[in-house]
Amino acid sequence: MNRSLLFSVLFLSILPLLSCGTRVYPKISPRAEKGVLDLRDWNFSEDGIVQLDGEWKFQWMRLPISRPETDGKSEEPILVQVPGNWNQIPHLSGMNPLMAFGYGTYTLKILPRKNTGRLMIHFQAAGTAASIYLDGKKIGGNGVVGTDPNSSRPQYLPLYIPIGEPNREMTIQVEVSNFNHYKGGLWESLRIGTENDLLNFRDGRVSNEMFLFGSIIIMALYHFGLFSLRRRDLTGLFFGAFCASICLRIFVTGERFLIQKFPDLPWEFFNKLEYLSFYMAVPFFIYYLDALYPHSFSIRIKKFCLWFNLVVSGIVAVTPASIYSHTLIPFQIVLLFVIVWFFIVLIRLVRARAEGSLMALGGVLALTAAAVNDSLYAQAVINTGYYLPVGLFVFIFVQSYLLSFRFSQAFLYIERLSDNLLEVNKAYSRFVPLAFLKFLNKNDITEIGLGDQIQREMTILFSDIRSFTQLSEKMTPKDNFDFLNSYMRRMGPIIRKHGGFIDKYLGDGIMALFPNVPDQALEAAMEMLRELEALNESRADRNYEPIKIGIGLHTGTLMLGTIGEEERMDGTVISDAVNLASRIEGLTKEFHANLLLSENTYRKLKNRKKYSFKKLGKVKVKGKTNSSEVYEVVG
């Protein structure tokens with residue numbers, strides 16, 4: 001895939017995220033001042049959704065609506081910033097900044113524009129239980145607000161609450177209690193807008209998160225599958241685990257699909273999942289990059305990050321939220337250090353022109369830029385919109401593409417090796433016949449081992465050029481090789497044509513084996529003699545003297561296998577039948593015959609009527625105690 005095609009695919013992939021994201025309006029949202037938010041100049045239909053941020057009135061240790069008995073137990077209302085946590089509020093009686101257990105009430109008066117249409121309030125979450133009231137009437141909430149750990153129950157769920165068509169000022173009160181987390185208060189912004197805008201806002205968030213989840217879980221499964229097929233490469237395992245962690249985090253944050261599906265499961269369980277999915281994603285990504293670019297990352301820093309994340313994850317697993325929630329700040333500090341470390345290593349890899357390093361750096365930059373943009377947008381410093389989902393998708397897409405490119409390169413390399421192996425096997429087959437491997441039940445030369453052998457009956461053909469010594473003395477060494485290669489080039493194909501294979505070239509001689517019926521060996525021998533006549537005619541035209549050959553055939557049981565030692569071995573045939581075939585070929589000189597065959601071969605011929613045979617009688621072959629019948633093919 002070339003670079004332009006990659007960017008085209010990337011653009012088409014993130015288009016759904018851009019199209020269903022938060023609508024951006026040019027007008028800056030007003031902020032609450034002294035507990036009042038003036039929206040009389042705000043047209044919801046044209047100007048969009050408003051975040052109810054700014055100064056709210058806050059009453060510590062008071063729940064005047066749900067628990068009137070708490071009224072009067074605290075000082076007068078004070079002004080606090082929302083979103084925020086009450087650990088940062090100074091001079092609260094009994095407040096422990098490191099363990100902000102307690103309860104309180106936030107109040108905001110809203111002055112809306114007349115004829116605003118049907119409005120809706122979006123409430124994301126509070127720490128850690130909340131009840132929402134509009135003009136003293138409860139309109140929604142998360143968990144159970146209480147005055148002690150026994151009467152309070154935490155919960156995180158995004159709410160979209162219709163409030164009708166308010167044409168007069170309205171008062172929003174949010175009662176919050178926290179006895180579980182070390183931070184309490186209104187952590188996230190409330191929003192108000194038309195029902196249509198907020199439902200579109202919700203649909204956009206749902207679409208973004210489901211698109212991200214679907215895309216990333218496919219990447220995770222794909223790379224787990226790659227790892228299952230290629231266990232030696234750990235990049236697929238680590239990247240798949242990283243993607244799985246991100247998918248889990250998507251399900252327990254944002255619209256919190258998992259909590260909506262199982263609302264009765266303990267809050268502590270989901271909160272642990274939220275922390276663990278964040279904490280474990282970092283070491284998975286570190287080890288993924290280390291596997292992608294071996295020896296590029298410091299071993300000490302890797303080990304520190306691994307052990308640090310294991311420690312904080314262990315704390316999350318075995319302690320309550322009031323304790324493990326304190327690990328978030330040190331984790332964020334270490335994470336900042338890790339991000340800087342990533343940039344330094346990736347820039348070094350880019351300078352070294354490491355394959356894919358520029359793309360990896362671009363992915364990290366995209367994620368970082370999106371995170372910075374969202375932080376500035378949340379603080380109303382810029383007016384762009386939320387793009388963290390886009391940044392996250394680009395980041396993971398780039399990493400997935402890098403891994404796919406790496407695997408494709410490995411596949412191409414394997415293809416080249418396979419092609420090279422085929423060429424090597426083809427070259428080796430010129431030295432070790434494929435039929436030899438087939439009889440030993442081997443697919444290629446790499447499977448041959450010392451001592452491999454098989455026993456079976458075959459017909460052995462021995463052929464030799466008569467008076468070759470005298471011929472060779474009249475030729476130069478080069479002429480000798482050219483002559484022999486020309487001769488063998490004519491005879492070899494004939495042997496293979498009739499189902500045989502050449503076991504050895506013995507100087508000017510040929511030893512061939514025919515594993516099937518002896519008739520094939522006889523047919524090959526007869527065609528070799530006819531080819532010799534054609535060769536001699538060609539030699540006569542060039543005033544060369546004719547050559548003669550003798551051929552001997554014998555059928556018997558033989559051992560086909562490998563001998564030698566581990567560093568040097570050879571395929572060979574060991575049998576008394578081989579010696580007898582060689583001796584019969586030698587008898588062609590004594591009988592002045594071109595072709596002789598043993599009695600055993602003669603008797604096993606399937607079609608003896610095709611040729612005429614002459615029985616030469618019993619002949620005692622040199623080296624044998626028993627005499628053997630020898631037959632000559634005549635005509």
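Atom set for the values below is all heavy atoms of this structure, side chains included, hydrogens, waters and symmetry mates excluded. Owing to the predicted nature of the structure, the values given are computational and were not obtained by experimental measurement.
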Check your understanding: Do the ring centers of His181 and Trp267 come within less than 6.0 Å of each other?
Key -> no

Check your understanding: Is there a side-chain contact between Val206 and Phe257, using heavy atoms and a 4.5 Å cut-off?
Key -> yes

Practice item. For residues Tyr103 and Trp86, establish whether the separation of their ring centroids is below 6.0 Å. Key: no

Practice item. Taking only Lys NZ, Arg NE, NH1 and NH2, and the carboxylate oxygens of Asp or Glu, determine whether Glu274 and Arg256 approach each other closer than 4.0 Å. Key: yes

Check your understanding: In Å and rounded to the nearest 0.5 Å, what is the CG to OG distance from Leu346 to Ser357?
Key -> 7.5 Å

Revision key, fill the gap. Heavy-atom nearest pair, Gly127 first then Val176, reads O-CG1, 3.3 Å

Check your understanding: At what distance, to the nearest 0.5 angstrom, does CZ of Phe242 lie from CD1 of Ile286?
Key -> 10.5 Å

Check your understanding: If every non-hydrogen atom of Arg249 is compared with every non-hydrogen atom of Ser277, which pair is closest and at what distance?
Key -> CB-OG, 3.3 Å

Exercise for review: Could you grab the distance from atom CD of Gln155 to atom CG of Asn271, nearest 0.5 Å is fine?
Suggested key: 12.5 Å

Practice item. Please examine the side chains of Met210 and Arg205, heavy atoms only from C-beta on, and report whether any two atoms are closer than 4.5 Å. Key: no

Check your understanding: Do you know the tightest heavy-atom contact between Cys247 and Ile217?
Key -> SG-N, 3.4 Å

**Study point:** Cys243 side, atom SG; Tyr222 side, atom OH - distance, nearest 0.5 Å
**Key:** 12.0 Å

Practice item. Answer yes or no: does atom CG of Leu229 have more than 12 heavy-atom neighbours from other residues, nucleotides or ligands under 6.0 Å? Key: yes

**Study point:** Side-chain heavy atoms of Phe251 within contact of Phe270, under 4.5 Å
**Key:** no

Review point. About how many Å separate OH of Tyr160 and CG of Leu199, when rounded to the nearest 0.5 Å?
Key: 9.0 Å

Point to revise | Derivation and outcome, side-chain contact (heavy atoms from CB on, under 4.5 Å), residues Tyr279 and Thr327 | key: CA-CA 10 Å; Tyr279 289 179; Thr327 62; 2.8 Å; yes

Review point. Is any side-chain heavy atom of Asn178 closer than 4.5 Å to a side-chain heavy atom of Phe101?
Key: yes

Check your understanding: Which pair of heavy atoms, one from Gly492 and one from Ile502, lies closest together, and at what distance?
Key -> CA-CD1, 3.7 Å

Review point. Which atom pair, heavy atoms only, marks the closest approach of Val398 to Met359?
Key: CG1-O, 3.1 Å

Practice item. Could you give me the CA-CA distance, side-chain angles and deciding distance for Ile301 and Phe297, then say whether side-chain contact (heavy atoms from CB on, under 4.5 Å) is met? Key: CA-CA 8 Å; Ile301 298 179; Phe297 292 83; over 6 Å; no

**Study point:** Non-hydrogen side-chain atoms of Leu212 and Ser215 separated by less than 4.5 Å
**Key:** no

Review point. Just by distance, do the side chain of Tyr293 and the backbone of Glu355 share a donor-acceptor pair under 3.5 Å?
Key: yes

Check your understanding: Is the side chain of Ser152 donor-acceptor paired with the backbone N or O of Asp148 at a distance under 3.5 Å, no angle test?
Key -> no

Check your understanding: For Leu190 and Ile121, which heavy atoms make the closest approach, and how far apart are they?
Key -> CD2-CG2, 4.4 Å

Exercise for review: Indicate yes or no for a side-chain donor-acceptor contact from Asn142 to the backbone of Leu157 under 3.5 Å, with no hydrogens or angles considered.
Suggested key: yes

Check your understanding: Pick from Phe227, Phe224, Tyr287: which one makes a ring-ring contact (aromatic ring centres under 6.0 Å, His included) with Phe238?
Key -> Tyr287

Point to revise | Within the 6.0 Å centroid threshold, strictly below: Tyr324 and Tyr182 | key: no

**Study point:** Full working for side-chain contact (heavy atoms from CB on, under 4.5 Å) between Arg348 and Ser296
**Key:** CA-CA 9 Å; Arg348 189 184 304 143; Ser296 298; over 6 Å; no

Exercise for review: Dump the intermediate steps for side-chain contact (heavy atoms from CB on, under 4.5 Å) on Met120 and Ile161, then the final yes or no.
Suggested key: CA-CA 5 Å; Met120 177 177 281; Ile161 309 167; 5.5 Å; no

**Study point:** Note, Ser189 side chain near Pro83 side chain (heavy atom, < 4.5 Å)
**Key:** yes

**Study point:** Check: Phe179 and Asn150 side chains under 4.5 Å, non-hydrogen atoms
**Key:** no

**Study point:** NZ-OG distance between Lys272 and Ser313, expressed to the nearest 0.5 angstrom
**Key:** 11.0 Å

Exercise for review: Show your working on ring-ring contact (aromatic ring centres under 6.0 Å, His included) between Phe285 and Phe342 and close with a plain yes or no.
Suggested key: CA-CA 10 Å; Phe285 189 73; Phe342 279 167; 5.4 Å; yes

Practice item. Decide yes or no for His122 and Leu159: does some side-chain heavy atom of the first lie under 4.5 Å from some side-chain heavy atom of the second? Key: no

